[in-house]
Amino acid sequence: MDALPGTYALMLQADRRQTVQVGRLGQLAVEPGCYVYVGSALGPGGVRARVGHHSRLATRPHWHIDYLRRTATLRHVWYSYDSVHREHAWADIFARMPGTSIPLLGFGASDCACPAHLYFFPRQPRLDTFRRRLRATIPNHSRVDRVSPKEIARLV
Ligand SMILES: [Zn+2]
């Protein structure tokens, strides 16, 4: 994982039912399952710096995801290098995948037209399914790779 601009999806595992206050946005009713959060990192440090941020627990939450991150386990990060905003297209693909739901409207999507950048799945979605759907939507999209938190710890 390099310090290049790009788009990423966090695969977070929640193990128990609980309520999380997400700043001023509202309350998130967390269910056991997989939470997928989509973002982009086009600034300095790129994907590596941002994923490094998400791999640790924020003492002072800044983004909506920082609140959920405290109570969920990071399982994988999917990412690609790209200097244009792809996170809305990624969010749209997750929104159309079977079994998904939107746990809290507006989560991570304060500045865009997406209903949310957070999606819930009873089980973690498959990367090959996502890649196939992404290619069908954006044929020239760059490669999407996957890393585990263990690999991230070595890189950041
Ligand atoms: Zn969006």
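Since we're looking at a predicted model, the values are computed, not measured. By convention here, the first residue in the shown sequence is residue 1.
Other residues, nucleotides and ligands contribute more than 12 heavy atoms inside 6.0 Å of the CG atom of Asn140.
The shortest heavy-atom contact between His76 and Ser148 is CD2-CA, 4.3 Å. Closest approach of His54 and Trp63 over heavy atoms only: CE1-CE3, 4.5 Å. The shortest heavy-atom contact between Thr100 and Phe94 is CG2-O, 3.3 Å. In terms of heavy atoms, Arg75 sits closest to Pro149 at O-CD, 3.0 Å. Closest approach of Gly106 and Ala116 over heavy atoms only: N-CB, 4.1 Å. Nearest heavy atom pair, residue Leu74 against residue Ser55, reads CD2-CA, 4.0 Å.
The CD atom of Gln18 sits 12.0 Å away from atom CD of Gln27, with the distance rounded to the nearest 0.5 Å. Rounding to the nearest 0.5 angstrom, the gap separating the CE atom in Met11 from the CD atom in Gln124 is 5.5 Å. Atom CZ of Arg24 and atom OG of Ser110 lie 9.5 Å apart (nearest 0.5 Å). One finds the NE2 atom of His141 at 4.0 Å from the OG atom of Ser80 (value rounded to the nearest 0.5 Å).
Taking the six-membered ring wherever Trp is involved, the centroid distance between the rings of His117 and His88 falls below 6.0 Å. Two rings, from Phe130 and Trp78, have their centers less than 6.0 Å apart. Between Tyr35 and Phe121, the ring center distance fails the sub-6.0 Å criterion.
Counting heavy atoms from C-beta on, the side chains of Asp145 and Tyr79 come closer than 4.5 Å. Between Met1 and Val47, the closest side-chain pair of non-hydrogen atoms falls below 4.5 Å. Counting heavy atoms from C-beta outward, Leu10 and Val36 have side chains that stay 4.5 Å or more apart. Within the 4.5 Å cutoff, no side-chain heavy atoms of Tyr67 are placed close to those of Leu25. Annotation: side chain of Leu12 is in contact with side chain of Arg69 (closest heavy-atom distance under 4.5 Å). At a threshold of 4.5 Å between non-hydrogen side-chain atoms, the residues Leu118 and Leu68 count as touching. In this structure, Thr19 and Leu28 have side chains that are not in contact, with every pair of non-hydrogen atoms separated by 4.5 Å or more. Residues Leu104 and His64 are not in side-chain contact: their nearest non-hydrogen atoms beyond the backbone lie 4.5 Å or more apart.
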Q.
Assess the residue pair Cys34 and Arg123 against the criterion (side-chain contact (heavy atoms from CB on, under 4.5 Å)); give the C-alpha distance rounded to whole Å, side-chain angles, the decisive distance to 0.1 Å, and a yes or no.
A. CA-CA 6 Å; Cys34 179; Arg123 292 168 59 196; over 6 Å; no
Q: Carefully, step by step, assess His85 and Leu42 under the rule side-chain contact (heavy atoms from CB on, under 4.5 Å).
A: CA-CA 8 Å; His85 284 275; Leu42 305 186; 3.3 Å; yes
Q: With side-chain contact (heavy atoms from CB on, under 4.5 Å) as the test, would you mind laying out the steps for Val30 and Phe120 before giving the verdict?
A: CA-CA 9 Å; Val30 173; Phe120 175 79; over 6 Å; no
**Q.** Test log, rule side-chain contact (heavy atoms from CB on, under 4.5 Å), inputs Tyr8 and Val38
**A.** CA-CA 6 Å; Tyr8 61 90; Val38 177; over 6 Å; no
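The side chain to side chain contact (heavy atoms under 4.5 Å, CB included) check on Asp2 picks up Leu4, Tyr81, with sequence neighbours excluded. Thr129 meets the side chain to side chain contact (heavy atoms under 4.5 Å, CB included) test with Met97, Arg126, Arg132, Arg133; sequence neighbours excluded.
Applying the side chain to side chain donor-acceptor pair (under 3.5 Å) test between Asp66 and each of His53, Arg60, Arg56 identifies His53 as the sole match.
Looking only at distances, a side-chain donor or acceptor of Arg50 sits under 3.5 Å from a matching main-chain atom of Ser40. No donor-acceptor pair closer than 3.5 Å links the side chain of Arg86 to the backbone N or O of Gly6.
Residues Tyr37 and Val51 share a single hydrophobic cluster, defined by chaining ILVMFWY side chains whose heavy atoms lie under 4.5 Å apart. Note: the hydrophobic cluster containing Phe107 also contains Val77 (ILVMFWY, side chain heavy atoms under 4.5 Å, direct or indirect links).
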